[in-house]
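In what follows, a structure is listed as C-alpha cells, so that the remarks can point back to it.
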4 protein chains.
Amino acid sequence: MTVPEPGSPLDTTGLAVPASAQAARGRPRSEKARKAILKATAALLLERGLAAVSMDAVALRAGVSKATIYRWWPTKEAVALDALYTRWEEAARHPSDTGSLRGDLLELLRPWAGIVRTAPYARVIAALLTRAQTDQVFGAEYRRRIVQPRRDQAREVFLRAVERGEVAADLNLEVALDLIYGPLYHRLLQGHAPLDDAFVTDVVDMVLAGIRLQAG
Amino acid sequence: MTVPEPGSPLDTTGLAVPASAQAARGRPRSEKARKAILKATAALLLERGLAAVSMDAVALRAGVSKATIYRWWPTKEAVALDALYTRWEEAARHPSDTGSLRGDLLELLRPWAGIVRTAPYARVIAALLTRAQTDQVFGAEYRRRIVQPRRDQAREVFLRAVERGEVAADLNLEVALDLIYGPLYHRLLQGHAPLDDAFVTDVVDMVLAGIRLQAG
Amino acid sequence: MTVPEPGSPLDTTGLAVPASAQAARGRPRSEKARKAILKATAALLLERGLAAVSMDAVALRAGVSKATIYRWWPTKEAVALDALYTRWEEAARHPSDTGSLRGDLLELLRPWAGIVRTAPYARVIAALLTRAQTDQVFGAEYRRRIVQPRRDQAREVFLRAVERGEVAADLNLEVALDLIYGPLYHRLLQGHAPLDDAFVTDVVDMVLAGIRLQAG
Amino acid sequence: MTVPEPGSPLDTTGLAVPASAQAARGRPRSEKARKAILKATAALLLERGLAAVSMDAVALRAGVSKATIYRWWPTKEAVALDALYTRWEEAARHPSDTGSLRGDLLELLRPWAGIVRTAPYARVIAALLTRAQTDQVFGAEYRRRIVQPRRDQAREVFLRAVERGEVAADLNLEVALDLIYGPLYHRLLQGHAPLDDAFVTDVVDMVLAGIRLQAG
DNA sequence: CGGTAATCGAGACGGTACGTCATGTCTTACA
DNA sequence: TGTAAGACATGACGTACCGTCTCGATTACCG
C-alpha cells in the first residue's frame with residue numbers, strides 16, 4: 001500500500017480511497033466540496049452530536065451530494081473523525097517547558113480539559129469510541145488521529161523529566177501515560193464527577209506522589 | 001437520587017419488584033416475557049453488539065411483541081442496560097480482605113479485568129456510554145447500575161486501608177478511585193494497549209508509590 | 001394457494017401478499033391509505049406518465065410512507081396497473097346488442113378508442129407492456145386485468161354473431177379478436193397514424209369483408 | 001421529414017457518414033469507438049433488455065468514456081435504436097415476387113416473425129415504444145427506422161397485387177397495412193398467444209377473405 | 001360468576017436514514 | 001477538437017428500524 005502524501009487531498013482519514021503516485025487523470029477532487037462537508041459535519045457534531053450526523057443531513061447542509069461523501073468516506077463516523085481531527089489539529093501546540101514535570105503536565109492538561117468540557121466533545125468522542133470497538137480499521141485510525149497526538153505530547157514531557165533526572169529512567173512510560181489520561185477520560189466519559197482544573201491538579205499531584213503513606 | 005417507583009414511568013429499567021402491595025388490577029405483567037426479552041437482548045448484545053439490538057430483533061428472538069417491550073422500557077439502550085446489569089449482578093462478590101491495600105485492589109480488579117476483556121463487553125459499555133452523554137435520565141441510571149457498584153466496592157477497600165493506617169485519613173477518595181479505574185477503562189475503551197493482569201498490577205503499584213523519584 | 005376474495009382489501013393485484021382465510025390478526029390494513037395510493041398514482045400516471053410514478057412521489061402525494069406501498073405492491077408498475085384497472089373497471093359496460101356484428105363491434109370499439117386517445121393512456125400502456133415483457137408474474141396480471149376484459153367483451157359479441165348465423169361457427173375466434181384489436185393497439189402504440197373513429201370503422205369493415213376481390 | 005445533417009446535433013442516431021466533405025477540424029471521430037458502443041449496446045440489449053443498457057454499463061463494456069456516448073447520442077434509447085437498426089438492416093431483403101398476394105405476404109412476414117420471436121426483441125421494441133410515447137423526436141426516428149422499413153416492404157407487395165388485379169385499386173392501403181402488422185405486433189407485445197407461423201397464415205388468410213359469411 | 005381492566009401477540013402505519021445506482025454535466029490531461 | 005478518466009449534483013431505489021397505533025385474545029381482580 002502506498003502511503004498518502006501528508007496534506008494531500010487524498011489524505012483524508014486513511015479510510016479513503018488510497019492515493020496513487022501516478023498522474024491524476026479525470027476531473028480532480030473538489031476541494032470546495034471537501035471543506036464544505038467537513039465544516040457541515042463539525043457543526044452538526046457540536047450542535048447535536050453524532051446522532052444528528054446523517055449522510056443526508058451533511059449532504060444537505062454542505063450543499064453536496066451524498067454520493068460525493070460516500071466516494072471519499074465509508075461511514076459517517078469516518079467523516080466525523082475527520083472533521084474532529086481537522087478542528088483539533090488547528091488548536092494543537094507544542095508542549096512548553098516550564099522547568100518541572102508537574103508544571104509541564106498542568107500546562108498541557110489544563111487547556112485540553114478546558115476545551116473538551118466546554119464544548120460537547122464528550123458525546124462525540126463516546127460515539128467514535130463506540131464505532132472503534134467494532135470496526136478495526138476505524139479503530140486504528142481513531143487512535144492515530146485522536147488518542148496518539150495528545151499522548152505523544154505527554155510522552156515528550158515525560159522524557160524531558162527523565163533527562164532532568166526528575167523521574168527514574170526505567171519509568172514504565174506507557175503505564176504512566178495511562179495513569180495521567182485515564183482518569184481524565186474517565187470523568188469526561190462517565191460523567192460521575194466534573195473534569196475541572198482542581199481535578200486535573202489532583203490527578204497530577206497524586207500520580208507524582210503516590211497514595212501510600214511514605215514509610216516511616 | 002430518587003429511586004423510581006416500580007411500574008412508574010420513570011422506572012426505565014424494568015427491574016421493578018414484580019408484585020407491589022397496592023391493588024393490581026387487570027392482567028399482571030408476564031414474567032416469562034420479561035425474562036425472554038432480557039435473555040434475547042443479552043445474547044444479541046454479546047454476539048453482535050448494541051447495533052444489533054433493534055426492538056424488532058429482540059421482539060422476534062424473544063417471541064414477544066414490540067409493544068410489550070415499549071411498555072416497560074423506553075429505549076433499546078434501557079433494555080440493554082437492564083440485560084447487562086442482570087448478568088453482572090450475578091457475578092458480583094463482596095471484596096475480600098487480604099490484609100493489605102495492594103492485595104485487596106488486585107483481588108478486586110484482576111477478576112473484573114478478566115471478565116471485561118474476555119467477552120466483548122467493551123463495545124456494549126461504549127454504546128451505553130454514548131447514550132448516557134445525551135440522555136440525562138439514562139446517564140443517571142447507567143452510573144447507578146454499572147459504574148457505582150464497582151466504585152463502591154473499591155471505596156470499601158480504601159476505607160479499610162485508612163482504618164489500617166495504610167493511607168492517610170485525608171486521602172481524596174474520589175480522585176483515588178478515578179486514579180484506579182480511569183486507566184483500566186482507558187485501555188478497555190481506547191484499545192491502544194492490552195488490559196492484562198500485568199497492566200492492572202502496574203497501575204496499582206504506580207498509584208500506590210507515585211511516579212516521582214523519592215527525595216534523596 | 002388460496003384465492004383472494006374478490007373485492008376484499010387483499011385482492012389488489014394478485015401480486016400483493018396473498019390473503020389467508022384465517023382470522024385477521026394485528027392491525028387491519030388501512031383502506032384509507034390504499035385508496036390514497038391508488039388515487040395519487042392514477043393522477044401522476046395521467047399527468048406525466050409512468051416515468052413520474054416513483055415510489056417516493058406516490059408516497060409523498062398520498063401522504064403515506066414508502067414502506068406501506070412496498071408492503072402491498074412489489075413494484076411501481078404493480079401500483080400503476082392497479083390504479084389503471086380501478087379507473088377502467090368503473091367505466092366498464094356490458095356490450096349492447098345492436099342486432100348486427102358490425103353494429104356491436106362499432107358500439108364496443110368506438111368508445112374505447114375515444115377513451116384511450118383522449119387521455120394519455122398510450123404511454124401508460126406502453127410502459128406496463130414493457131414491464132410485462134420481462135416480469136412473467138406481472139405479465140400474467142397485466143393480461144388478466146387490462147387485455148382480457150376487453151377481449152372477453154368482444155368474444156361475447158362474436159359468439160352472438162355465430163348464434164345469429166352471421167359468421168361461420170368454425171370461425172377461429174382468437175385470431176378474429178387479434179384481427180380487431182391488433183390494428184387498434186398498433187396505431188395507439190406506434191403512433192404512425194391516428195386512432196380515430198374513421199379508422200375503427202375501416203378496420204371493422206375490412207375485417208368483415210376481406211381484402212381480396214370477390215371471385216367472379 | 002428532413003434528414004439530419006451528418007454530425008449535426010439533430011443527428012440523434014450516429015449513423016451519419018463518418019467523413020464528410022467539409023473541413024474536418026481537430027481530432028476526427030473515432031470509428032472504433034462508435035462500433036464498440038453499438039456492439040456493446042446490442043449485446044446488453046439482447047442479454048438483459050433495455051433496462052440493463054445504462055450509459056455507464058455501455059461505456060464500461062465498450063471501453064469508452066461516457067462523454068463520448070453523450071456527444072453522439074442524446075439518450076440511451078437513441079443508442080439502442082441505432083444498435084437495433086444496425087442489426088436489422090443487415091438482414092433486410094427485397095420482398096420477392098411469388099406471383100400471388102398471399103404468397104408474397106407469407107414470404108415477407110414469416111421470416112420476420114421468426115426473427116422477433118426467437119431473440120428477445122419484444123422487450124426491446126416495447127421499451128423503445130415507451131420512449132416514443134413521450135419523446136416526439138425519438139418517436140419520429142423510431143418510426144423511420146423500425147416501423148416504416150417493414151411497412152414499405154409490405155406496401156410494395158400490396159401495390160404489386162393491385163397491378164395484378166388481385167385487389168381493388170381503391171384499397172385503403174394504410175388500413176390494410178395495419179390489418180396485417182397490427183395483429184402480429186399485438187401478439188408479440190401482449191404475449192397472450194404465440195406468434196407462430198400458423199398464426200401468421202391465419203391472419204393473412206382471414207384478412208384476405210374476411211370474416212363475414214359470403215352471401216348466399 | 002360475570003364485569004372490568006390491563007397485558008399480551010400480531011402486525012400495519014408514518015417516518016427517517018441507509019447505502020447504491022443511473023443520469024447527465026463538468027473538468028482535466030492527453031492525443 | 002475528440003477522447004478517456006472520473007468527479008459532481010440530483011434523485012430514485014428497496015430495506016431496516018423507529019416509535020405509535022389498532023386489533024382480538026388472555027388473564028387476573030373485584031363486585
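Below, read A as the first sequence line, B as the second, and so on, with proteins coming before strands; counting in each chain starts at 1.
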5' priority, DNA chain E, between A/Val53 and B/Gly26 [closest heavy atom]:
B/Gly26

How many angstroms lie between atom CZ of D/Arg123 and atom CG of D/Leu46, to the nearest 0.5 angstrom?
8.0 Å

Which whole-number value in Å describes the distance from C/Met55 CE to E/dT16 C1'?
18 Å

Between B/Ile37 (CD1) and E/dG9 (C1'), how many Å, whole number?
12 Å

Mark yes or no: C/Arg29 above the aromatic ring of C/Trp72, with NZ or CZ under 6.0 Å from the six-membered ring centre and no more than 45 degrees from the axis.
yes

Kindly say if D/Trp73 contacts the phosphate of E/dG24, meaning a side-chain N or O under 4.0 Å from OP1 or OP2.
no

Whole-Å distance separating the CG atom of D/Leu60 from the P atom of E/dC21
13 Å

Rounded to whole angstrom units, what separation is found between the OH atom of D/Tyr70 and the P atom of E/dA22?
12 Å

Across the strands shown, which category fits C/Ala67 at heavy-atom distances under 4.0 angstrom: base, sugar-phosphate, nothing?
base

Sugar-phosphate, base or nothing in reach of C/Lys66, heavy atoms under 4.0 Å:
base

Suppose we call a contact any N or O donor and acceptor under 3.5 Å apart; does that hold for the side chain of A/Arg27 and the base of E/dC26?
yes

I need the full list of salt bridge (charged side-chain N to carboxylate O under 4.0 Å, His left out) pairs touching residues 41-50 of chain A, with sequence neighbours left out, sorted by first then second residue.
A/Glu47-A/Arg61

Whole-Å distance between E/dC18 P and A/Lys76 NZ?
6 Å

What's the CZ-C1' distance between C/Arg48 and F/dG11, to the nearest Å?
13 Å

Whole angstrom is fine here: how far is it from CH2 in B/Trp72 over to C1' in F/dG19?
18 Å

Looking at F/dA25, I'd like to know if its phosphate oxygens (OP1 or OP2) sit under 4.0 Å from a side-chain N or O belonging to C/Arg25.
no

Taking CZ from D/Arg131 and P from E/dT23, how many angstroms apart are they, rounded to a whole number?
11 Å

Where each residue is assigned the nucleotide of DNA chain F containing its nearest heavy atom, which of C/Ala57 and A/Ser30 is assigned the position nearer the 5′ end?
A/Ser30

F/dA12 base / C/Ser54 side chain donor-acceptor hit below 3.5 Å
no

Please work out if D/Arg71 contacts a base, only the sugar-phosphate, or nothing of the nucleic acid, heavy-atom cut-off 4.0 Å.
base

Ranking F/dC13, F/dT27, E/dT27 by distance to the side chain of A/Pro28, first place goes to E/dT27

Picking from F/dG14, F/dC8, F/dT3, which would you name as closest to the side chain of A/Arg29?
F/dC8

Where the side chain of B/Thr68 is concerned, which of E/dG9, F/dC13, E/dC13 is the nearest nucleotide?
E/dG9

Taking only the side-chain nitrogens and oxygens of A/Ser65, find out if one of them lies under 4.0 Å from OP1 or OP2 of F/dA9.
yes

